[in-house]
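Before any comments, here is the structure.
Scope of the values below: all heavy atoms of this structure, side chains included, with no hydrogens, waters or symmetry mates.
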Amino acid sequence: MAPHDFWQEVHSPGTFAVDGEFASFYVAVLEDGRQMRLPIRVLADGDHALASLIVNQASFAVLDTLAESLAEKIRPMRIDVVAGLPTLGLTLAAAVAQKLGHSRYVPLGTSRKFWYRDELSVPLSSITTPTQQKRLYIDPRMLPLLAGRRVALIDDVISSGASIVAALDLLEACGIEPVVVGAAMLQSERWRESLAAAGPQWIARTVGVFTTPILERNTAGRWQAPA
């Protein structure tokens, strides 16, 4: 598949085999059995890899499916406002807010506007941009939309959990504790340690549309999920 072919379709249940080996793509399965093909990204050691999702490069049909699924998961929590993590999480957060019937959402940002306040920011690291030194900001004008409200914090993928923890720290500094953390994909189990360290409540409050494992290279040079 060409790089631009990924993230463009949601396939019917059973379209692809999911219990064996994978070569160029991993088959992710949604809760209703529908499938998505995700590119395999090899990690630095060469023997492990992750399935990749970039929501803002996906088709509208895929975005709509993921947003609808995540909105349905968090709808019972009576969310008042959705806050989105930059950059990729903003696309999903806006779509989820629309699915919930909201007229707007609150985007966090990494671009400092002149009216932002340094005390309303925290350092931010990302698995997709590990060499960039960034800070996560909240527009002080947005705080009245969040204060005293039931907030959902949304990102596209939760992997190491570092970005989510940064956002939780930022919101805590503003006196805001989300009732739920949501993502399209929970990538492996690595995020659990980071979120547990941030607070014992966050594991139970974190939901995803689907999960993917860390893949291992086998003796044939193909990829498979751990036994």
Side-chain angles (χ1 to χ4, degrees), residues 7 52-58 60 62-64 66-67 70-71 74 77-187 191 194-195 197-199 201-202 205-208:
W7 315 300
S52 174
L53 173 68
I54 301 182
V55 166
N56 67 355
Q57 294 179 10
F60 297 137
V62 167
L63 174 61
D64 187 72
L66 297 176
L70 186 53
I74 67 176
M77 301 169 193
R78 307 187 314 280
I79 301 302
D80 296 316
V81 61
V82 172
L85 263 163
T87 300
L88 302 179
L90 299 182
T91 300
L92 182 62
V96 169
Q98 287 185 305
K99 295 293 185 183
L100 292 174
H102 298 176
S103 61
R104 65 185 301 173
Y105 81 114
V106 173
L108 306 181
T110 55
S111 175
R112 192 190 191 285
K113 312 304 181 185
F114 70 83
W115 62 87
Y116 284 12
R117 307 204 312 256
D118 287 339
E119 67 269 24
L120 297 181
S121 71
V122 294
L124 178 67
S125 62
S126 169
I127 192 171
T128 54
T129 55
T131 62
Q132 294 185 19
Q133 300 298 314
K134 298 184 291 186
R135 295 191 70 81
L136 182 66
Y137 296 90
I138 186 169
D139 188 331
R141 302 174 303 176
M142 298 292 104
L143 290 178
L145 298 175
L146 299 172
R149 313 292 295 279
R150 294 181 65 82
V151 177
L153 179 62
I154 302 297
D155 204 355
D156 64 327
V157 175
I158 301 179
S159 184
S160 68
S163 296
I164 288 293
V165 169
L168 292 173
D169 289 344
L170 176 59
L171 292 177
E172 182 181 17
C174 300
I176 298 159
E177 181 173 298
V179 297
V180 65
V181 173
M185 179 170 73
L186 300 180
Q187 189 182 59
W191 58 273
S194 297
L195 266 67
Q201 72 273 31
W202 295 118
R205 291 191 193 180
T206 299
V207 300

- Item | Minimum-distance pair of heavy atoms, taken over all atoms of Leu92 and Ala183 | CD2-C, 4.3 Å

- Answer yes or no: are there more than 12 heavy-atom neighbours, outside Gln201 itself, under 6.0 Å from its atom CD? yes

- Look up atom CD in Glu177 and atom CG in Leu171, then write down how far apart they are to the nearest 0.5 Å. 10.0 Å

- Message: Distance check, rounded to the nearest 0.5 Å: Ile74 atom CD1 versus Leu70 atom CG?
- Response: 5.0 Å

- Item | Least distance between heavy atoms, Ala167 atom then Leu136 atom | CA-CD2, 3.6 Å

- Task: Return yes if some donor-acceptor pair links the side-chain N/O of Arg205 with the main-chain N/O of Pro178 below 3.5 Å, else return no.
- Result: yes

- Contact check, side chains of Leu146 and Cys174, non-hydrogen atoms, under 4.5 Å: no

- Side-chain contact test, heavy atoms from C-beta onward, threshold under 4.5 Å: evaluate it for Leu195 versus Val165 and give yes or no. yes

- Task: Could you check if a side-chain atom of Asp64 sits within less than 4.5 angstrom of a side-chain atom of Lys99, using non-hydrogen atoms only?
- Result: yes

- Query: Going from CD1 on Ile158 to CG on Leu153, what distance comes out if it is rounded to the nearest 0.5 angstrom?
  - Reply: 8.0 Å

- Query: Where is the tightest heavy-atom contact between Ser160 and Ser194, given as atom of each residue plus distance?
  - Reply: O-OG, 2.9 Å

- List the atom of Pro123, the atom of Ala166, and the distance in Å for their closest heavy-atom pair. O-CB, 3.6 Å

- Spacing of OG belonging to Ser121 relative to CD1 belonging to Ile138, to within rounding of 0.5 Å: 11.0 Å

- Kindly indicate whether the side chain of Asp155, heavy atoms from C-beta on, has any atom under 4.5 Å from the side chain of Ile164. yes

- Query: Taking all atoms of both residues into account, what is the closest heavy-atom pair of Arg135 and Asp118, and its distance?
  - Reply: NH2-O, 4.5 Å

- Inter-residue atom distance Ser111.OG - Tyr116.OH, 0.5 Å rounding: 7.0 Å

- Message: Any side-chain to backbone donor/acceptor pair from Arg112 onto Tyr137? Under 3.5 Å, distance only.
- Response: no

- Task: Would you mind reporting whether Ile79 and Val96 have side-chain heavy atoms less than 4.5 Å apart?
- Result: no

- Item | Under 3.5 Å donor-acceptor, Trp7 side chain and Asn56 backbone | no

- Roughly how far apart are Leu108 CG and Thr87 OG1, rounded to 0.5 Å? 11.0 Å

- Task: Determine the minimum heavy-atom distance between Leu145 and Val81, stating which atoms define it.
- Result: O-CG1, 3.6 Å

